[in-house]
Amino acid sequence: MSIANGRMPALFLGHGNPMNAIDSNAYTAAWVELAAHLPRPAAILSVSAHWYVPGSRVTVGQHPRTIHDFGGFPRALYEVAYPAPGDPELAQRARGMLAPTQVIADETWGLDHGTWSLLVHLYPDADVPVVQLSIDETLTAGQHFDLGGRLRALRDEGVLILGSGNVVHNLHAYAWGAHAVAPYDWAIDFESRLRQLIETRQFASVAGYEGSPEAALVAPTPDHFLPLLYVLAQAEPDDALAFPVEGFDGGSISMLGVRVG
């Protein structure tokens with residue numbers, strides 16, 4: 001499939017419960033459908049909520065390991081392997097584009113579940129090279145948006161920039177039982193306003209989410225929200241914006257997806 005404007009789309013996806021990696025549900029079906037209508041990427045640069053560390057890092061290994069960074073789940077989830085190749089050249093290119101910010105070339109990290117729990121559905125053959133970029137926990141949301149914008153040229157090179165998190169992510173309020181529950185009013189209200197800000201391209205206001213009255217509820221920690229900013233930072237004036245995945249899980253996890261381009 002060709003790229004209509006010569007530019008690869010960028011995606012933010014809510015990854016939700018790690019069990020989505022091996023379950024079949026409305027969200028995983030939406031991811032499969034989404035990938036079927038995307039141009040095939042030359043490589044993927046993933047920004048995952050689960051690599052939230054001091055400083056900026058990027059994976060440079062040829063064969064990134066599959067990281068099972070969770071506990072208390074069925075054995076089948078720990079047996080999942082996603083043996084996609086790395087792309088050291090892309091990693092070094094990203095390091096150069098993010099200058100003067102120092103980005104450490106990391107040979108020890110691999111692909112955490114924020115990345116592979118999506119990619120097992122998007123690209124199940126694991127044949128697209130993948131690089132992960134960390135989220136520097138010392139930076140402000142606005143600084144993360146600025147960093148993401150420096151990577152925009154990668155879209156013209158066929159690189160899929162993938163943000164993985166959840167725009168509403170409160171595990172303290174999450175309903176862990178087997179029965180579906182209705183989303184909390186504060187979660188619905190925040191997501192609704194967020195969508196309006198994205199649709200009207202008020203990205204600075206999105207980055208200012210911490211000023212929202214529900215901020216302490218929707219994002220007790222910023223790690224799952226920040227990947228969205230890297231994706232919104234890719235938007236060019238002529239890019240369409242869409243929400244290819246919708247819904248709430250456990251009442252307090254938004255599964256909203258955002259497509260740029």
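Just so you know, residue 1 is the first one in the sequence shown, and it goes up from there.
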Start with the C-alpha gap between R195 and L256, add the side-chain angles, then the distance that decides, and say whether side chain to side chain contact (heavy atoms under 4.5 Å, CB included) holds. CA-CA 9 Å; R195 288 174 64 139; L256 188 71; 3.6 Å; yes
Test: D239 and R259 ion pair at under 4.0 Å: no
What pairs with H113 under ring pair (Phe, Tyr, Trp, His ring centres under 6.0 Å), at least two apart in sequence or on another chain? H15, H50, F70
Looking at E214, is its backbone amide N or carbonyl O close enough to the side chain of S212 to form a donor-acceptor pair, meaning the two atoms are under 3.5 Å apart? yes
May I ask you to check whether over 12 heavy atoms, not counting those of E199, lie within 6.0 Å of atom CD? yes
Could I get the full list of ring pair (Phe, Tyr, Trp, His ring centres under 6.0 Å) partners for F225, not counting sequence neighbours? Y209
Those residues at least two apart in sequence (or on a different chain) that pass ring pair (Phe, Tyr, Trp, His ring centres under 6.0 Å) with Y230 are H144
If you measure from the Lys or Arg side-chain nitrogens to the Asp or Glu carboxylate oxygens, is any gap between R7 and E157 under 4.0 Å? no
Given N25, which partner from the list D249, N20, N17 fulfils the side-chain hydrogen bond (donor to acceptor under 3.5 Å, both in side chains) test? N20
Pairs satisfying ring-ring contact (aromatic ring centres under 6.0 Å, His included), at least one member in residues 242-261, at least two apart: none
With ILVMFWY side chains joined below 4.5 Å, transitively, what does V32's cluster contain besides itself? none
Kindly say whether L111 contributes a backbone atom to a donor-acceptor pair with the side chain of T115 at under 3.5 angstrom? no
Excluding sequence neighbours, so at least two apart, what forms salt bridge (charged side-chain N to carboxylate O under 4.0 Å, His left out) with R152? none
Pairs satisfying side-chain hydrogen bond (donor to acceptor under 3.5 Å, both in side chains), at least one member in residues 182-192, at least two apart: E191-S254
Test side chain to side chain contact (heavy atoms under 4.5 Å, CB included) on M255 and N166 and set out the steps. CA-CA 6 Å; M255 297 298 291; N166 297 96; 3.9 Å; yes
So, H68 side chain and V80 main chain: donor-acceptor pair closer than 3.5 Å or not? yes
Any residue meeting side chain to side chain donor-acceptor pair (under 3.5 Å) with T59, in chain and number order, not counting sequence neighbours: none
Y123: ring pair (Phe, Tyr, Trp, His ring centres under 6.0 Å) partners, not counting sequence neighbours: none
Looking at Q102, I want to see if its CD is surrounded by more than 12 non-hydrogen atoms of other residues, nucleotides or ligands under 6.0 Å. no
Criterion side chain to side chain contact (heavy atoms under 4.5 Å, CB included) on V258 and I198, from CA distance to verdict: CA-CA 9 Å; V258 181; I198 293 172; 4.2 Å; yes
Decide whether S56 and R95 meet the rule of one side-chain donor and one side-chain acceptor closer than 3.5 Å. no
Between R150 (side chain) and L98 (backbone), is there a donor-acceptor pair under 3.5 Å? yes
Taking only residues at least two apart or on different chains, which pairs with a member in residues 114-127 satisfy salt bridge (charged side-chain N to carboxylate O under 4.0 Å, His left out)? R40-D127
Sequence-distant partners of R57, salt bridge (charged side-chain N to carboxylate O under 4.0 Å, His left out), two or more places apart: D106
Counterpart residues, salt bridge (charged side-chain N to carboxylate O under 4.0 Å, His left out), relative to E107 (two or more places apart): none
